[in-house]
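First comes the structure, then the notes that go with it.
Order of the sequence lines fixes the chain letters, A, B, ..., with proteins taken first and strands second; residue numbering starts at 1 for each chain.
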Amino acid sequence: MFRVFKKEIETELSKFLDMDVSRFLRESEHADLSCTIAFKLAKEQKRNPDEIATEITNAIAANLSDYVGSIEIVNGYINFNVSYEFLEDVVNTILDEDEDYGSMTEQGDVLIEHTSANPDGPLHIGHIRNSVIGDTLARILRKAGLDVNTHYYMNDMGRQVALAILGVRRFGLNDKKPDHAVADAYIAINKIMEEDENEKEKIEREVEEIMLEYELGNEEVSKEFREVVEKAYEGIKQTLKRLNIHHDEVVWESEFIRNGYVDRVLKKIEELGLLKKDGAWYVDLKSKGFEKDVVVRRENGTSLYITRDLAYHVWKNENFERFINILGSDHKFFGKQLSDILEILGLKPPEIVFFEFVSLPEGSMSTRKGKFISADELIERVYDEAYVIIKDREMSDEEKKEIAESVAIGALRFDFVKLAPEKPMTFDWKKALDFERQTASYIQYSHARACSILRKAVENGMPDIEIVGELCTPAERELIVLLSKFTHVIERVLKELRPNVFADYIFDIAMKFNDFYRLHPVLKEEKELRMHRLAIVDATRIVLRNGLEVLGIKPLEKM
RNA sequence: GGGCCCGUAGCCUAGCAUGGAUAAGGCGACGGCCUCCUAAGCCGUAGAUCGCGGGUUCAAAUCCCGCCGGGUCCGCCA
C-alpha cells in the first residue's frame, strides 16, 4: 500500500520535473515522505529552495490522488502525508487479505543454497548464521511470489570428510547424536595427527588414498563415505528441523563427477584455450586480475572443490533463472574465482550473500579442534532459560514446553537475522540467554497481546470492527503507516538481499504497537471508537503474524 | 606485502546504496509505574569528538584520499 502512495507522488513529480525523482524522496520522521528536490534545483537555478518547493507543490497538488492527505513546505523540504482514506484502505486491505497480506507477484525460479556445512560434525553457531540468513531469505523471496528451491550442497569429497572416515575406521562411532558422534571421531584422529608426526604422515597418505578411491568410485570406500556423511547429515537435519529450517534437496558434490558435469566443464574451459596442463591443470585468470592460476585438476587426476562447484553452477545455469549462495566471508576469494571463470565461460555467476564470522570471545571456532559451541547446545540452553520464565504459569506442562520451544527458537533465529550480514559477530552466552527486549520474544509478546485483546472482545460480545480514518490519533497513524510498508520492505530485501532489514521492520511494528497499547485503551471505549481500535489491533495482529512467519518464528497467541 | 569486510554513548546495533531538518533503538546504570485490554511490558534521567586526519559541498555518519585498530583471504584445502 505504501508503494502505491509513493509511486503516485513519484509519477506526479517526474511529470513536472522530467527526471528520476525517486532518489529525492525519502521516509523521514517529519513526514510520511519527504522530498529534497528543491535543494538540488535551488543550486542549479541559484534560487531559494522554499520558492522552488512552492512552485512544485502548486504544480502537482491538483493531480494527486486521495491517498495524499497533505503537502507541507518546511525549509525547502516538501513533506507529503497520507490521507484518512489511505489509513482506512490500509487497515481494510490487511483485514481482507489476512494471511496473504504482504504477498507479492514477482515471477521466476530461484535457487538458494545455504548451510552446506561439511558433514564432519554438528552445526555450530557459525553455521547457524548461514542457515538463518538463507532460510529467512528463502521465506522472504517466497512471500514476494518467487518460486524458491533450497539446496544443501553436501561436501562429501573434502579432505575433512576423508579424515572423519579414517577417524570412524579407527575409533568407531559412539552413541551420541550421530553428527556429534562423527565429530568425536574426527576430533580424535586430528588429535593423533597433532601429537604424533609418524601417525600424521601415515594418516595423510591414507587420506590421499581414500579420496582417490572415492573419486574413482571404489564400491567399498564409497559405501564408507556414504555411511559417515549420511550419519552426520542425519544429525544436522534434526538440528535444522528444530530451527524450522528444511532443504528441498540435498545435492552431493560427488554427483557432479559421476554425471559427467565435471568433465564437461573442463572440456569447455579447454575449448576456450584457457586450460594449462603441466602435470596438474590450471585456468589462467590473469585477464581478471589474478596473479596465480587456479588449479582445477590435480596431478593425480582428481578434481578439486572449485572444479566440482563449477560443475554445480553449470547445472544451476541450466535449471534456474536466479541462484543465490549464502557463504562465509572467508569464501570471498573463492567466490570471485568461481564467478570469473563462469563469466569467461559465458555463464551467469551466482548472487552471493557473504556474512562475516561468528567468533567466540576467546577466538575463532574450529570443528577440528573441537573448539566450537554446537547449535544443539545453544538451542538447549536457550530453551531451558525460556522454560524457567514460564514454569510457574497456570497452563499445562505441554503448553509450557511448546511456548518455551517457540520462544527459544524465535530468540535464536532473530538474534542471528537481525544483525547485518557484513558485521562480524562475537558470541556471548549472556546475551544469547537474555530475554529482555530486542529479541523475538518482544515481538511474540506484542502479537500475543493483540490476540488477547481480540479474544476478550469476542468473549464480551463485541466482535465488530470498523476503521475510521478521522478517529486516528498520531500514534495510530504512525502504526498504520508502518503496517502499510510490508511489501515496500520486502522489495528492499529483494534488492539488497539483507534480511536484517525485514527483521528490523517487524521489530518496529511491535514497538509502535506497544506505544499504541499504552496510550489507547480499546475495550473500555464506547462503540465507535472501540470498533475503530479493534480494527487496528486486528490489522496489527495480522501483520505481526505474517511477519513472524516470514522470519520462521512461531506467532504465539498466548505466552 | 596485497585484496575484501568491520570500527557510531560503558556494551550491542540501525542509519551509509541515492549527502539534507535536533544521529535512532536496545542492553547496562539511576529514578518511577501492576485496584487499569498479558510487567516477557511501560515512562523518565544520565550517557556520542559517528576510529583518526585531510578533501569535495550551501550541507558529510553517509562521497573521495591517506592513516590507525580488529577480522578474513591470498594451497595440487574446502
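- Put simply, NZ on A:Lys512 is 13 Å from C1' on B:rA14, counting in whole angstrom units.
- Side-chain proximity of A:Asp330 to B:rA40, B:rU72, B:rA17: nearest is B:rU72.
- Rounded to an integer number of Å, the gap from CD of A:Glu27 to P of B:rU18 is 17 Å.
- Checking the phosphate oxygens (OP1, OP2) of B:rG15, a side-chain nitrogen or oxygen of A:Arg498 falls inside 4.0 Å.
- Closest to the A:Pro424 side chain, of the nucleotides B:rU22, B:rC6, B:rA17, is B:rC6.
- With both ends at atom C1', the span from B:rG15 to B:rG7 equals 15 Å, rounded to whole Å.
- Of all nucleotides listed (B:rA78, B:rU22, B:rC12), B:rC12 comes nearest to the side chain of A:Lys431.
- Classified by interplanar angle (parallel below 30°, tilted 30° to 60°, perpendicular above 60°), the ring pair A:Tyr505/A:Phe502 is tilted.
- Aromatic rings from A:Tyr305 and A:Phe334 are positioned such that their centres are separated by under 6.0 Å.
- Neither OP1 nor OP2 of B:rC5 sits under 4.0 Å from any side-chain N or O of A:Lys332.
- Here the CD1-CG distance, from A:Ile465 to A:Asp538, works out to 4.5 Å after rounding to the nearest 0.5 Å.
- In this model, a side-chain donor or acceptor of A:Asn79 finds a partner on the base of B:rA21 within 3.5 Å.
- Between B:rA60 and B:rG19, the distance separating the two C1' atoms is 6 Å to the nearest Å.
- Which of B:rC36, B:rA78, B:rC73 sits closest to the side chain of A:Asn118 comes down to B:rA78.
- Contacts of A:Ala386 with the nucleic acid, taken as non-hydrogen atoms under 4.0 Å apart, are absent.
- Looking at heavy atoms from C-beta onward, A:Val294 lies out of side-chain contact with A:Leu304 at the 4.5 angstrom threshold.
- Going from the P atom of B:rU62 to that of B:rG55 covers 14 Å, rounded to whole Å.
- For B:rG66, the paired nucleotide is B:rC52, the pair qualifying as Watson-Crick or G-U wobble because both relevant distances are below 3.5 Å.
- Under the Watson-Crick and G-U wobble criteria, each requiring two contacts below 3.5 Å, nucleotide B:rC4 is paired to B:rG71.
- Taking only side-chain nitrogens and oxygens, A:Arg308 comes nearer than 4.0 Å to OP1 or OP2 of B:rA78.
- The separation of B:rA39 from B:rC34, taken at their P atoms, amounts to 12 Å, rounded to a whole angstrom.
- You'll find that the side chain of A:Met211 is closest to B:rA78, out of B:rA14, B:rA78, B:rA40.
- The closest donor-acceptor contact from the side chain of A:Asp434 to the backbone of A:Lys430 lies at 3.5 Å or more, if one exists at all.
- Across all strands shown, B:rG44 is found opposite B:rC30 as a Watson-Crick or G-U wobble partner, with both distances under 3.5 Å.
- Between A:Phe225 and A:Tyr214, the ring planes are parallel. Angles under 30° get that label, and only those over 60° would be called perpendicular.
- Which of B:rC76, B:rU72, B:rC43 sits closest to the side chain of A:Arg518 comes down to B:rC43.
- Applying salt bridge (Lys or Arg N to Asp or Glu O under 4.0 Å) to A:Arg533 and the options A:Glu528, A:Glu466, A:Glu525 leaves one that passes, A:Glu525.
- A:Phe357 comes within 4.0 angstrom of nothing in the nucleic acid, heavy atoms only.
- As rounded to the nearest Å, B:rC50 and B:rU13 have C1' atoms that lie 13 Å from one another.
- The nucleotide whose nearest atom lies closest to any side-chain atom of A:Asn155 is, among B:rA78, B:rA21, B:rA40, B:rA78.
- Ring-plane geometry between A:Phe513 and A:Tyr517 is classed as tilted, the angle between the planes lying from 30 to 60 degrees on a 0 to 90 degree scale.
- OP1 and OP2 of B:rA78 both lie 4.0 Å or more from every side-chain N or O belonging to A:Arg368.
- Going from atom NZ of A:Lys554 over to atom C1' of B:rA40 covers 17 Å, rounded to whole Å.
- With B:rC73, B:rG41, B:rG15 as the candidates, the nucleotide lying closest to the side chain of A:Arg492 is B:rG15.
- Dashed line: the shortest gap from a side-chain N or O of A:Tyr442 to OP1 or OP2 of B:rC42 is under 4.0 Å.
- Using a 4.0 Å heavy-atom criterion, one finds that A:Leu523 contacts the bases of the nucleic acid, with or without backbone contacts as well.
- At a threshold of 4.0 angstrom between heavy atoms, the contacts of A:Tyr517 include nucleobase atoms, whether or not backbone atoms are also involved.
- For the pair A:Phe435 CZ and B:rC12 P, the interatomic distance rounds to 21 Å; values are reported in whole Å.
- A:Gln337 comes within contact range of no nucleotide atom at all, as no heavy-atom separation falls under 4.0 Å.
- Atom OH in A:Tyr305 sits about 13 Å away from atom P in B:rC74, given to the nearest Å.
- Taking atom CD on A:Glu422 and atom P on B:rU13, their separation rounds to 11 Å, with Å as the unit.
- Counting any heavy atom pair closer than 4.0 Å across all strands shown, A:Glu291 reaches no nucleic acid atom.
- Listed nucleotides B:rA40, B:rC42, B:rA78 differ in distance to A:Phe334; the shortest reach to its side chain belongs to B:rA78.
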For nucleotides 7-10 of chain B, print each protein N/O atom paired with a nucleotide N/O atom at under 3.5 Å, atom names and distance only.
{"residue": "B:rG7", "atom": "OP1", "partner": "A:Lys423", "partner atom": "NZ", "Å": "2.3"}

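- Residue A:Lys524 is in sugar-phosphate contact alone, with no base atom involved, counting any heavy-atom pair closer than 4.0 Å across all strands shown.
- One finds no side-chain N or O of A:Arg23 lying less than 4.0 angstrom from the OP1 or OP2 phosphate oxygen of B:rU18.
- Between A:Tyr312 and A:Phe256, the ring planes are tilted. Angles from 30° to 60° get that label.
- No engagement by A:Ile306 is indicated, since no non-hydrogen atom pair under 4.0 Å with the nucleic acid exists.
- Between the side chain of A:Thr36 and the base of B:rA21 there is no donor-acceptor pair of N/O atoms closer than 3.5 Å.
- Taking atom P in both B:rC52 and B:rG41, the straight-line distance is 34 Å, to the nearest Å.
- The glycosidic torsion of B:rC63 lies more than 90° away from 0, which places this base in the anti conformation.
- Ion pair A:Lys316/A:Glu113 flagged as a salt bridge, since at least one NZ, NE, NH1 or NH2 atom sits closer than 4.0 Å to an Asp/Glu carboxylate oxygen.
- Taking only side-chain nitrogens and oxygens, A:Arg26 never comes nearer than 4.0 Å to OP1 or OP2 of B:rG15.
- For the 3.5 Å distance criterion, the side chains of A:Ser406 and A:Gln444 fail to qualify, holding no donor opposite an acceptor.
- Remark: the separation of the P atoms in B:rA29 and B:rC37 is 28 Å, to the nearest Å.
- Which of B:rC42, B:rC6, B:rC76 sits closest to the side chain of A:Val295 comes down to B:rC76.
- Within the 4.0 angstrom heavy-atom criterion, base atoms lie near A:Tyr282.
- Between the side chain of A:Asn81 and the backbone N or O of A:Asp32 there is at least one donor-acceptor pair closer than 3.5 Å.
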Kindly give the atom pairs (protein nitrogen or oxygen, nucleotide nitrogen or oxygen) under 3.5 Å for nucleotides 59-64 of chain B.
none

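- For B:rA59 and B:rU18, the C1' atoms lie 16 Å apart once the distance is rounded to whole Å.
- If you measure from atom CZ of A:Phe414 to atom P of B:rU13, you get 14 Å, rounded to the nearest angstrom.
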